[in-house]
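Order of the sequence lines fixes the chain letters, A, B, ..., with proteins taken first and strands second; residue numbering starts at 1 for each chain. Note that these values count all heavy atoms, side chains included, but never hydrogens, waters or copies made by symmetry.
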Amino acid sequence: MTKKFYLTTPIYYVNDKPHIGHAYTTILADVLSRFHRNLGDEVLFLTGLDEHGQKVLQAAQARNMTPQDHCDDLAPRFTQLWEKLEISNDDFIRTTQERHKKVVQAVLQMVYDKGDIYQSEYEGWYSVAEERFITETEKDSGEFRDVKLLKERNWFFKMSKYQQALIDHINAHPEYIQPEHRKNEILGFLRQPLTDLCISRPKSRMGWGIEIPFDNEYVTYVWFDALINYITAPGYLSDDKKFNYWWPASLHLIGKDILTTHSVYWSTMLFSLGLPLPKTIFAHGWWLIGDSKMSKSVGNVVNPLDLVDEFGVDPVRYFLMREMVPGQDASFTMDAFIKRYNSDLANDFGNLLNRVSGLIPKYFNAIVPAPGSFTAEDKVVINIAESLKDKVPALVENLKVSEAIEETMQLVRAVNKYMEQQAPWKLAKENLPVAGRVLYVASEALRITAVHLSAVMPAKTKIVLDVLGAQGSTVNWGELKPGTKLGIHDALFPRITLPPCGEG
RNA sequence: CGCGGGGUAGAGCAGCCAGGUAGCUCACCAGGCUCAUAACCUGGGGGUCACACGUUCAAAUCGUGUCCCCGCAACCA
C-alpha cells in the first residue's frame, strides 16, 4: 500500500549560524523521510532558506555586499552541512528564487482581490538602534535602547476573519497540532480575539523583500514570504498536477518557538487561499546544552559539525534521535553522548556484528550457514524481530522515533543474550549444523536490525548490510541467504575510551 | 483567579487518557562466560510514583487543594 508523504522543515534564516537546533529538526525530518521510503511510501522532503528581511540587509551592508550576494555566500553553510549530515531532501527552496517570488506575489494578489488585505496604521514599539519593531515582551525586558512608539502605514491581513474556522478545524482534527499540550496552548491563545496581521514594510525603511504587487512602495514582511515556501515547492500555481498530488502536506515539522506562526498565521492564510490545511503540524522541543538554554547570542552553541568530525555522522544522528523525546526538551552533554555511543552502538550493536562476523569465518569459511528448522529458543528471537515490523512503523507514524529506536535495540540485546545462551563457539566443536543454525538466526536478526536502523544511520547500517550481502533487503524474516559469502569490515563503532579532547 | 504542560530509584525516560503486584536504559555491587570493540550474560541493592485530602474492594493512574519547575501570552522564526 503505497502512500505519499510530504514533509517540511522550517526554512532557516540564512543569517543564522547553523546550530544543533537546525540540525536536529532537519535530521528528524530526514529520518522520517527514510523510514517512509523504506515502507515504500512516496516522499517529498523539503527544506530551505529564508533570505529576506532586516538582518540580512544589515549584514550585507556591513560587508559591503548586495543582499543577494550575501545570501549566496551564506547558503552553502547550510547546504554543505546537510550533505555532511546525510540529509536526503528532495528539494531545497530559497525565498529569493524566482519560482518563489512569483508565487508570493500571486498569492498576495489573490488574497488582496478577495478583500482579505487592507491598509491601516501599524503602531508599535520601534527600536531606533535595531531599526525594527520590537515586541511588548522585548520592550519590557529593558534590553533595547532608543525605543519609541511609532506609527506607520502598512498592509494588513484579515486573520481575525478565519479565527472561528481555525478553532473548528483544530477541534475537528485532533491530530492537526501536536503534541497535544501544544494544541491546548493554541486553543487557549485562540480564546482571545485575533488581531489582524501586519504583512508589509515600507521600502523606505526596509527594502530587502518581495515587492507587494499592488503597492510598489512596500515589500511583504516575513509571513507572506517564508510560509508560502511550503506551497511554492510542490508547484502551487506553476504545476497543478504536481501540486494537487502533494498538497496538503503530511507534516510540518517545526520547533516550538514558531508554533503560533504556523498554526495560526499559516492556517488562516490557507483558509483565505481556499487551500486545505496540512494534516499535522508537529512542534518539537529544544536542546539544552548541559543545563542552559541554547542561545545564539551567548554563543554557547555546540556545532554539530565538530561532533560529526570527531565521531562520524551516524552516531550523532543516533544520539539526537534516541535521546530526545519529541515534544519535550532534551539536554546535550558530552557525557551522555559518550555513554549512549558506547553502550548502544559499540557494546551492543557494533560488538554483535563482530561476534557474528568473527564466528562465521572461523567455523563456516565465511559462508552464511543454512539454519534448518528453528527451535523454541530461535523463535523467541524471530518473534521479536517479526514484531518490529508493526511496532516500528506505528511508533514512527506517531513521531515516537526514540521509542522506535529503543524497540529495535531490544532485538539487539535479545540476540546478545541468545548468543550467550546458545554459545555457538562451543557448539561448533560438538555439533556444527546446530552452531550454523544459531549463527544464521543471529545474523538474520542483525540484518533486520540494520534495515530498521537504516533510516537513522544510513552509512553504518549499509556497512552491516554489505557484510551480510543483503543490500536492499527488507524487514521480513528469512531474507538472509544461506551460502552468502561474508564481507569484511572494520570495527563499526570503536569504543570511545578517553574523554573527548574537544577543548584541548 | 489569563491559558497550558509537568514533578516516578543516583541520572534520563515509559506507564496515567481505557484504576488492579512499579517498568526500561545508563550508573552501582556480586557472580558467570570468554566468540567479541576490557565487550557479552545472570543475579542484586536502590522508589511511601512532589505533598494532603477524597472517590473506590483497589489509585502513579480518577477528583479537589497546596508547593515547586516549565511553556504560551502574537507579529519574535
Side-chain angles (χ1 to χ4, degrees), chain A residues 10-13 15-16 21-22 25 50 53 55 122 124 132-138 154 156-157 159 179-192 194-199 221-223 226-227 254-265 283 285-286 293 296 322-325 327-331 333 335-336 338-340 342-363 400 402-403 405-407 409-410 412-413 415-428 435 438-439 442 490-497:
Chain A
I11 50 173
Y12 305 114
Y13 203 52
N15 228 40
D16 287 342
H22 299 116
T25 313
D50 177 12
K55 285 181 185 168
Y122 180 77
R132 68 176 179 94
F133 283 98
I134 60 175
T135 65
E136 194 75 19
T137 314
E138 283 177 320
N154 266 307
F156 288 76
F157 167 57
M159 191 157 73
E180 196 176 352
H181 69 269
R182 297 293 170 199
K183 181 189 82 174
N184 293 337
E185 266 178 29
I186 293 299
L187 283 173
F189 178 74
L190 287 170
R191 266 177 227 132
Q192 302 298 318
L194 287 177
T195 58
D196 291 337
L197 192 63
C198 179
I199 61 161
Y221 187 57
V222 57
W223 324 118
L227 292 166
I254 60 171
K256 63 183 181 181
D257 50 329
I258 51 176
L259 178 65
T260 310
T261 309
H262 281 72
S263 48
V264 180
Y265 304 178
W286 281 338
K293 201 173 271 188
K296 293 168 217 168
R322 176 62 187 81
E323 204 72 7
M324 179 178 271
V325 177
Q328 297 180 30
D329 289 349
S331 171
T333 63
D335 192 46
I338 292 169
K339 274 180 181 162
R340 189 57 85 183
N342 277 342
S343 66
D344 288 9
L345 298 180
N347 298 352
D348 288 348
F349 187 51
N351 186 44
L352 176 61
L353 172 64
N354 261 30
R355 301 178 88 176
V356 165
S357 67
L359 288 164
I360 292 181
K362 193 165 178 181
Y363 296 109
K400 298 188 171 180
S402 62
E403 285 183 54
I405 291 170
E406 177 57 22
E407 284 290 342
M409 291 308 294
Q410 289 294 349
V412 174
R413 297 189 191 105
V415 176
N416 274 321
K417 179 177 173 178
Y418 167 84
M419 287 283 281
E420 201 66 27
Q421 289 167 343
Q422 302 294 315
W425 49 92
K426 281 183 187 165
L427 288 170
V438 170
L439 288 174
D490 296 326
L492 202 57
F493 300 103
R495 261 184 82 82
I496 303 171
T497 48

(request) Please measure how far the C1' atom in B:A39 lies from the corresponding atom in B:U21, and state the result in whole Å. (result) 35 Å

(request) Could you tell me whether A:Lys417 and A:Glu420 make a salt bridge, using a distance below 4.0 angstrom between a side-chain N and a carboxylate O? (result) no

(request) Measure the spacing between CG of A:Asp344 and NZ of A:Lys339 and express it to the nearest 0.5 Å. (result) 13.0 Å

(request) Classify the side chain of A:Gln192 versus the base of B:C72 as yes if they form a donor-acceptor pair under 3.5 Å and no if they do not. (result) no

(request) Ignoring the backbone of A:Glu420, work out which of B:U34, B:C75, B:C41 is nearest its side chain. (result) B:C41

(request) In whole angstrom, give me the gap between the P atoms of B:U48 and B:A11. (result) 13 Å

(message) Quick check for you: among B:U37, B:C26, B:C76, whose closest atom lies nearest to any side-chain atom of A:Thr260?
(response) B:C76

(request) Go ahead and name the base partner of B:C28; Watson-Crick or wobble counts if both distances stay under 3.5 Å, otherwise write none. (result) B:G44

(message) Please report the distance separating the P of B:U42 from the corresponding atom of B:C26, rounded so that it comes out in whole Å.
(response) 11 Å

(message) Distance check, rounded to the nearest 0.5 Å: A:Asp50 atom CG versus A:Lys55 atom NZ?
(response) 11.0 Å

(request) Rounded to whole angstrom, note down the P distance from B:G6 over to B:C13. (result) 14 Å

(message) On the nucleotide B:C40, are OP1 or OP2 found under 4.0 Å from the side-chain N or O atoms that A:Lys417 carries?
(response) no

(request) When you get a sec, tell me which of B:U37, B:U25, B:C72 is the closest nucleotide to the side chain of A:Ala491? (result) B:U37

(request) For B:A52, give its Watson-Crick or G-U wobble partner with both distances under 3.5 Å, or none. (result) B:U64

(request) Taking only the side-chain nitrogens and oxygens of A:Tyr221, find out if one of them lies under 4.0 Å from OP1 or OP2 of B:C76. (result) yes

(message) Suppose you measure atom C1' in B:G46 against the same atom in B:U37; what distance do you get, rounded to whole Å?
(response) 31 Å

(message) Could you tell me how far B:C16 sits from B:C72 if I compare only their C1' atoms? Round to whole Å.
(response) 24 Å

(request) Could you check which of B:C35, B:C24, B:C41 has an atom nearest any side-chain atom of A:Gln410? (result) B:C24

(request) For A:Glu323 and for A:Asn342, locate the closest nucleotide of RNA chain B by heavy-atom distance; then report the residue assigned to the nucleotide nearer the 5' terminus. (result) A:Glu323

(request) Report the nucleotide, chosen from B:C26, B:C40, B:A74, that has the shortest atom-to-atom distance to any side-chain atom of A:Ser343. (result) B:C26

(message) Only pairs with both distances under 3.5 Å count, Watson-Crick or wobble alike; so what is the partner of B:G2 in this structure?
(response) B:C72

(request) Determine whether any donor atom in the side chain of A:Thr195 lies under 3.5 Å from an acceptor atom in the base of B:C75, or the reverse, and answer yes or no. (result) yes

(request) Respond yes when some side-chain nitrogen or oxygen of A:Asn351 is under 4.0 Å from OP1 or OP2 of B:C40, and no when none is. (result) no

(request) Any strand is fair game: report the nucleotide pairing with B:A39 by Watson-Crick or G-U wobble, both distances under 3.5 Å, or none. (result) none

(request) Kindly say if A:Arg495 contacts the phosphate of B:A39, meaning a side-chain N or O under 4.0 Å from OP1 or OP2. (result) yes

(message) Assuming nearest nucleotide by heavy-atom distance, tell me which of A:Lys400 and A:Arg322 is located more 5' along RNA chain B.
(response) A:Lys400

(message) Does the plane of the ring in A:Phe349 sit parallel, tilted or perpendicular to the ring in A:Phe493? Use 30° and 60° as the thresholds.
(response) tilted

(message) Between A:Arg495 and A:Asn351, is there a side-chain donor-acceptor contact under 3.5 Å, judged purely by atom types and distance?
(response) no

(request) Quote, to the nearest angstrom, the C1' distance that separates B:C41 from B:U34. (result) 11 Å

(request) Assign A:Pro494 to base, sugar-phosphate, or nothing according to its heavy-atom contacts below 4.0 angstrom with the strands shown. (result) base

(message) Once you apply a heavy-atom cut-off of 4.0 Å, does A:Leu194 come out as touching a base, just sugar-phosphate, or nothing?
(response) base

(request) Take atom C1' in B:G44 and the same atom in B:G4, then report the distance between them in whole Å. (result) 42 Å

